[in-house]
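For reference, the structure is listed below as structure tokens.
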Amino acid sequence: SIWPPAQRRRVCDPNSAFHPRRELAPRVQTAAMASAAVADNFNSREDAKKQKQLQEARQAGTAAPEMDFATGQMINPHNPSFIVQAPWYLNQDKPSLKHHQAWNLKAAGTKDWYKRGTKGDVKTKFLKGACENCGATTHTKKDCVERPRQVGAKWNGKNLMPDEYIEDLQLDWDGKRDRWNGFQADDYKEIMQEWERVEEERRIRKAAEMEERAKLRERLKAQKKALKKQRKQRRRQLRRQAEGRDDADSDTGDSDTGDSDTDSDTDSDSDASDDEDLGEKMRDFDKSTAAVATKDDKLRTTSRNLRIREDTAKYLLNLDVNSAFYDPKSRSMRDDPFKHLKDDDKGAFRGDNFLRNTGDSKQLTELMVFAWDAYKHGEKIHDTAQPTQAAKMHQVFKQRSDDLKTQQRQELMQKYGGQEHLDAPKELIYGQTDQYVEYSRDGRVLKGREREYVKSKYEEDVLVGNHSSIWGSWF
């Protein structure tokens with residue numbers, strides 16, 4: 001034998017695991033189990049006939065269907081037998097469709113989130129395998145997020161940290177993709193409090209600024225009042241000097257006028273204060289960021305795209321449902337709502353696209369098309385990158401086109417003639433009208449023009465003697 005003695009003894013020993021009979025034992029046991037299962041599932045002819053009749057009755061609805069013992073639900077009687085019957089090696093005696101489920105099916109997921117914080121357990125002694133830095137048993141020194149200690153908890157056993165919550169969550173599809181999973185509303189309170197503090201500080205500063213403005217207005221009013229008083233006193237003095245009155249008489253006589261002047265000063269000051277308030281409002285309005293905006297400091301709201309309320313809205317110009325379309329989101333009506341009317345009957349608004357064909361927009365479009373065509377023919381031109389060059393080239397192009405047309409026209413005139421027919425008399429041009437007149441065979445006007453009055457044989461409308469109207473007429 002080529003085997004060593006020790007291995008030969010193990011093979012020859014019937015109790016050894018290397019014996020051929022021991023290797024065939026599992027296969028024989030499996031075959032025995034299969035034969036036993038087949039023997040248990042074997043039915044006689046009468047039993048098979050009864051089962052077939054019962055199955056037909058279940059399909060017809062006269063017998064109750066089978067119930068799944070695992071889920072408690074009804075099994076469809078129209079399912080074929082190779083779907084309902086379980087394999088023999090599962091040893092499934094009761095009817096069920098449990099064998100169709102995947103053997104490695106994962107448990108249903110959850111939307112829960114990890115617990116925050118620590119368990120709060122108090123340690124008095126360092127445990128083996130815990131973190132050498134802080135003493136927690138849920139992580140190692142490599143994963144520790146505590147401040148590195150000069151002497152770790154493993155050596156001094158002081159200030160041992162509690163353990164964290166370690167969870168293995170099986171999140172489902174929604175739980176993995178839920179961006180708000182684990183959100184705590186209490187954490188957002190700090191942001192809200194911070195914004196409230198900022199808003200409160202803003203209100204305080206705004207109130208202080210308004211108070212400072214009020215003080216400044218009061219000082220300006222006082223200065224204007226004193227200046228007006230000085231001017232009036234100066235005017236009184238000049239008036240007294242001019243009239244040559246005494247000081248005593250002037251003092252007694254000016255008492256009433258002083259009161260009236262004080263009243264007038266008060267009225268003028270009130271008017272000035274109103275003007276100043278209006279000026280403050282206008283200055284606040286000018287500080288607004290938007291081009292067309294109204295800003296209120298108290299409400300902090302900004303309105304844009306305001307139209308004058310006296311103007312008629314675009315969608316009310318033509319109430320026909322088949323007229324121009326109005327887009328409420330952009331507040332635009334691109335088409336003309338009165339395109340079925342004449343130009344004289346149309347109003348000022350002719351659609352938003354009407355502005356694109358007025359002013360310099362048409363010239364800009366022509367310049368753009370010229371730049372595109374020139375670039376296609378190999379010219380290095382760009383209407384946006386080099387607008388001056390593009391405009392100059394477009395001007396030269398139009399001038400050359402006009403010169404070419406003029407030259408062709410002159411050549412045709414020289415070759416064929418007909419220059420005299422181009423310059424028609426003005427009487428013929430302005431004498432043509434679109435008034436319909438109908439004549440008879442003998443030249444009489446039948447319809448379309450009023451009958452002309454036949455003049456008499458005497459001279460009429462003759463002005464003599466430098467007269468501007470008829471003078472000396474019998475009538």
Side-chain angles (χ1 to χ4, degrees), residues 67-75 90 92 96-207 289-290 293 295-305 328-330:
M67 303 301 293
D68 194 335
F69 78 95
T71 60
Q73 297 179 356
M74 180 188 71
I75 298 177
L90 293 180
Q92 185 173 314
S96 176
L97 299 177
K98 186 179 179 181
H99 57 278
H100 287 282
Q101 297 180 357
W103 60 272
N104 56 352
L105 184 64
K106 295 182 179 179
T110 180
K111 285 188 178 181
D112 297 336
W113 197 247
Y114 302 96
K115 292 184 179 180
R116 301 183 181 183
T118 57
K119 297 181 180 179
D121 53 335
V122 180
K123 299 185 181 65
T124 57
K125 183 179 179 182
F126 182 80
L127 301 178
K128 184 179 180 180
C131 178
E132 298 178 359
N133 184 43
C134 64
T137 60
T138 52
H139 63 268
T140 59
K141 182 180 179 180
K142 180 180 179 181
D143 303 327
C144 186
V145 295
E146 293 287 337
R147 179 181 60 84
R149 303 182 184 180
Q150 187 175 4
V151 180
K154 179 180 179 181
W155 291 276
N156 58 10
K158 296 180 180 179
N159 193 15
L160 300 178
M161 302 302 295
D163 298 339
E164 300 94 351
Y165 289 102
I166 303 297
E167 297 183 68
D168 186 15
L169 298 181
Q170 299 295 332
L171 298 177
D172 57 358
W173 194 89
D174 293 332
K176 290 179 181 178
R177 292 159 180 80
D178 188 5
R179 53 185 296 201
W180 294 100
N181 196 358
F183 173 76
Q184 293 183 359
D186 297 337
D187 297 342
Y188 194 70
K189 289 183 178 179
E190 299 179 0
I191 301 176
M192 295 176 62
Q193 293 173 0
E194 181 181 358
W195 278 97
E196 289 176 357
R197 290 194 297 268
V198 172
E199 189 68 18
E200 185 65 25
E201 183 66 21
R202 189 197 64 79
R203 288 200 203 96
I204 294 174
R205 292 189 179 184
K206 188 66 177 179
T289 56
K295 183 175 180 183
D296 191 355
D297 295 334
K298 296 181 180 179
L299 300 177
R300 295 178 61 82
T301 58
T302 303
S303 302
R304 301 189 311 158
N305 298 331
K329 187 174 183 181
S330 59

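Closest non-hydrogen pair, E167 versus Y114, comes out as O-CE2, 3.4 Å. Minimum interatomic distance between A153 and G135 (heavy atoms only, all atoms of both residues): CB-N, 3.9 Å. Heavy atoms only, all atoms of each residue included: C131 and F126 are closest at O-CE1, 3.2 Å. Nearest heavy atoms, P162 versus D121: CB-OD1, 3.1 Å. K123 approaches T137 most closely through the heavy-atom pair CE-CG2, 4.0 Å. The minimum heavy-atom distance linking N133 with K141 is given by the pair CB-CG, 4.4 Å.
D68 contributes no side-chain N or O that, together with a main-chain N or O of Q73, makes up a donor-acceptor pair within less than 3.5 Å. A donor-acceptor pair is defined here as one N or O able to donate and one able to accept, closer than 3.5 Å; no such pair exists between the side chain of E132 and the backbone of G152. The main-chain N or O of G157 is never found under 3.5 Å from a side-chain atom of K125 such that the two would form a donor-acceptor pair.
For W195, the CH2 atom sits in a loose shell: 12 or fewer heavy atoms of surrounding residues, nucleotides or ligands are nearer than 6.0 Å. Within 6.0 Å of OH on Y188 lie no more than 12 heavy atoms contributed by other residues, nucleotides or ligands.
Here the CG atom belonging to L171 is positioned 10.0 Å from the CG atom belonging to D178, to the nearest 0.5 angstrom. A distance of 7.5 Å separates CZ of R202 from NZ of K206, quoted to the nearest 0.5 Å. Going from atom NZ of K98 over to atom CD of Q92 covers 8.0 Å, rounded to the nearest 0.5 Å.
When each of K154, R147, H139 is paired with C134, the side chain to side chain contact (heavy atoms under 4.5 Å, CB included) condition holds for H139 and for no other.
R149 places a side-chain heavy atom less than 4.5 Å from the side chain of N159. Using a 4.5 Å heavy-atom cutoff, the side chains of K158 and L160 are not in contact. Two residues are said to be in side-chain contact when any heavy atoms from C-beta on lie closer than 4.5 Å; E164 and K119 fail this criterion.
Here E200 does not pair with R197 in a salt bridge; the nearest charged N to carboxylate O distance is not below 4.0 Å. Between R205 and E201, at least one side-chain nitrogen of the basic residue sits less than 4.0 Å from a carboxylate oxygen of the acidic one, meeting the salt-bridge criterion.
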